[in-house]
Amino acid sequence: MPKNSNHHSEARAGWLFSMPWILGFLALFVWPFTASVWWSFCQYDLINSPEWVGWENYSRLTREAREQQGFGQALTNTLYYSLLSVPLSVVMGILLAVLLSARLRGQAIYRTLIFLPSVIPVVAASVLWLWLLDPQSGLVNYLLSWIGIPPQNWLNQARSAFSLETIGVLQNYTTGEPLKLLGSKDALILMTLWGVGNFVVIYLAAISDIPKSLYEAAEIDGASPGRKLLHVTLPMLSPVIFFNLVMGLIRSVQTFTSVYVLSEGTGAPGGSLRLISLELFLSAFSDLEMGYASAMALLLFIGLTLATTILFRTSRYWVHYRMAA
Amino acid sequence: MIRIRNGLLLIGFACLISGVLFGLFSKQHVTLPTGRQEVVFWHFWGGRDRSVVDHVVQQFNDSQNQFFVRAVAMPGNNLQAKLFLAVTGGDPPDLVNQDDPILADWAQRGVIQPIETIAKSEEIAKLDRWMFQPAQRLSKVNNRYYAICNGLDIRALYYNKTLLEQEGLQPPRTLQDLDQIAAKLTPDAATARAMGLYAYLPDSRRLWAWGYVFGGQFYDATKGLAQVDSGPIQQATRWMADYGLRYGPDNLAAFRQADQSLPGKPFPLLPIQPESMVGRYGLIMDGQWRTRDIVEFTSKRRERGLPCPEFGVCPLPSPTVPMVQGRSQAGWVNGNFFVVPAGANCPEGAWEFMQFWIGLNQPKWAAQTCAAGGWIPVSQQVVETETFQRFLIQNPLFATFVELANSPNQFPTPVVPGAAMFKRTVEAAAYEAMSHPEESVTPILKQANQRIQLRLERARSQ
């Protein structure tokens, strides 16, 4: 058989085998994405044909962002949640992984306990947290009382710990009333940190992959455990930290199920749990403003792309890849 | 070879087991009787209500030789998207039950048919005479029937009668009475904490009800304008926020959290501890379905020989202060309603079933359904049937709700396109006002009103 014919037949087989994936990719990703871009310039209610409105949806998004209403409020909520939950997840994940990598009795049990929450379905976990965060009879406030922290309002308080409003509360704080600083978004962050187990597993795998010789060399140089963590473990973990940072950022912006359950699908209290994903869902499927929701989705996509690009650009300064021997 | 054979045997065995299990546990497929037209009916009822619905369907099917209803229980969550897909896909159900404020949106988009295209004009005229006014408000868009309300949800004020009597108090007849009861039983947060109960706390979601009680209207249909910032609504919001001033908004928030409707969370009016005679509130606004909780609670306590407090229900008390034109027997109403999707295969069968359900021609059937489900009928004719009167004698607390169902002062969320956002925004504004009781409610309501008006205008232009 001529060589050329063999090549063609191989190429055909290759295309044939790839076709299910390519078709799926075109139908389930490229087409919805393109349609969504088109709809973002239209008024579309899911029933009637989309009607071209130009930049109207985008100017509305800009106006709402300026006025801190609707999308603006959702954007602020999402930024608050992402900017706190992602770094905290990374720090907590590393600390737990370092602790769990130490040789101690019952190591497997501790690892399982840390990993377990991340395999619990989000809906079940959210309902569980509704109970745990009950201001009057919840376990979290009970545990906080052990260390002298007054009971917090959690899911029934719109005001967050790090907000301008809280500064006002602190400035006016004169009475002996207990300070209630932690609100619904802080509760959501707490819940996210509880499910940090899957990050921990990745860090554990990466820690076990760090050559022992590096620690031995550090020991010979007289490095303390703290210095070994700072100058050996963290640089060697940096590619994994980078991966978890990017994935965590994307995941945090897409958080939907937990806020839907915790706020009964409304973003309550006072819209404090209206993250962009929930705002988008309500706009599309409750208010039937699919064009506006598509514009929001597109902005979300652009925002995430920008954030990821910035992370990639800065990674050259802090991510250290091990050179192959 | 042996491995392959064993593998095939294993797969065959698994298929057999799956088949047997499927046969055992799957429901029998309902076969359409010959000569009958099928009416596909989507509803979201589950639990004990599901059997009531199945019973109505069976009774209807037994009474018919022309139509046959096939009930399909659909999860109510995001039913809108499912229905839209079915309508655009060309295979909609013939009848859908809903309870969300979406009627005007669906009507405007042509997702549902006006009932007058299915029913005769004399039947429509009869509906106008026959149906309670609040039920008509829930069924009409721009004065045309686009739905048929099949059950009303009414709110009233439940109270712990024993507690009030012990304190020498009477159930509130006016808003001032209610305030006085609250001030006497729990004058401040410290007393409330010590007692483990609040006499009464307004809930931000209930601004809808109190707004109407204060004589307000959230929407001016003639001008097409939202009026969330109008005088009576502002007064109602101010009154609610004043409870925040009295007890402290943070204390209220903490106490309210435990009221979330979680599995296992009881009706907060009912005592939790076996020997206790008070729950978390002295008085609370809630719907007619709570009478069922009280009946169950009372019978359980009696069975166990425990002391049992008495409970009562009264209409929401209206304000009697100068400058406020309050309404009596007023409140916010919602309910379940039937709609017929555009492109339905058998709208005539759907209409026949709707009439059967609400009792338009045979009130006694509807009375049985309402009594079995603990639902409020949509017509006085059904209320007056022997069956329903017997039910009311057995459930005296229910009577107040039925009385309120016939009140012209019960209003729903305005039936306009964009109503879902309208409802959410009003509730969020009330929450905001109650969270900052020291601030004026006016800017909060004005801002909410602007957002709603923008949304209404967008919805109108769609």
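All values derive from a computational prediction rather than experimental measurement. Chain identifiers are assigned alphabetically (A, B, ...) following the order of the sequence lines, protein sequences preceding nucleic acid strands; residue numbering begins at 1 within each chain.
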Check: Any side-chain heavy atom of A:E289 within less than 4.5 Å of one from B:M421?
Finding: no
Margin query: How long is the straight-line distance from CD1 of A:I47 back to CD of B:Q108, given to the nearest 0.5 Å?
Written below: 12.0 Å
Check: Is the count of non-hydrogen atoms from other residues, nucleotides or ligands lying under 6.0 Å from B:D188 atom CG greater than 12?
Finding: yes
Checklist line | From OG1 (A:T266) to OH (B:Y431), nearest 0.5 Å | finding: 11.0 Å
Check: Would you say A:W52 has more than 12 foreign heavy atoms packed within less than 6.0 Å of its CH2?
Finding: yes
Next item on the list: For residues B:F84 and A:L288, determine if any side-chain heavy atom of one lies less than 4.5 Å from a side-chain heavy atom of the other.
Entry: yes
Notebook entry, point to check: Does atom CD of B:E438 have more than 12 heavy-atom neighbours from other groups under 6.0 Å away?
Noted result: yes
Notebook entry, point to check: Got a sec: does the CD1 of A:I302 have more than 12 other heavy atoms crowding it under 6.0 Å?
Noted result: yes
Next item on the list: Under 4.5 Å heavy-atom distance to chain B, tell me which part of A:Y260 shows up: side chain, backbone, both or neither.
Entry: side chain
Next item on the list: Counting only heavy atoms closer than 4.5 Å, note whether A:Q43 contacts chain B via side chain, backbone, both or neither.
Entry: side chain
Check: Does some side-chain heavy atom of A:L282 sit less than 4.5 Å from a side-chain heavy atom of B:R424?
Finding: yes
Check: Within a reach of under 6.0 Å around CZ of A:F256, are more than 12 heavy atoms found that belong to other residues, nucleotides or ligands?
Finding: yes
Next item on the list: Would you mind checking which part of A:D287 comes under 4.5 Å of any heavy atom in chain B, side chain (CB onward), backbone (N, CA, C, O), both or neither?
Entry: both
Notebook entry, point to check: Looking at A:R60, A:E51, A:Q157, A:E67, which one has more heavy-atom pairs under 4.5 Å with chain B than the rest?
Noted result: A:R60
Notebook entry, point to check: Could you name the residues of residues 267-281 of chain A that have a heavy atom within less than 4.5 Å of a heavy atom in chain B?
Noted result: A:P269, A:G270, A:R274, A:F281
Margin query: Please classify the contact between B:E432 and chain A as side chain, backbone, both or neither, with a heavy-atom cut-off of under 4.5 Å.
Written below: neither
Next item on the list: Output the distance between atom OG (A:S286) and atom CD1 (B:I102), rounded to the nearest 0.5 Å.
Entry: 10.0 Å
Next item on the list: To the nearest 0.5 angstrom, please state how far the CG atom of A:L46 sits from the CG atom of B:D105.
Entry: 11.5 Å
Margin query: Sub-4.5 Å heavy-atom contacts with chain A: which residues of residues 446-460 of chain B show up?
Written below: B:Q447, B:R451, B:L454, B:R455, B:R458
Margin query: With a 4.5 angstrom heavy-atom cut-off, is it the side chain or the backbone of A:E165 that approaches chain B, or both, or neither?
Written below: side chain
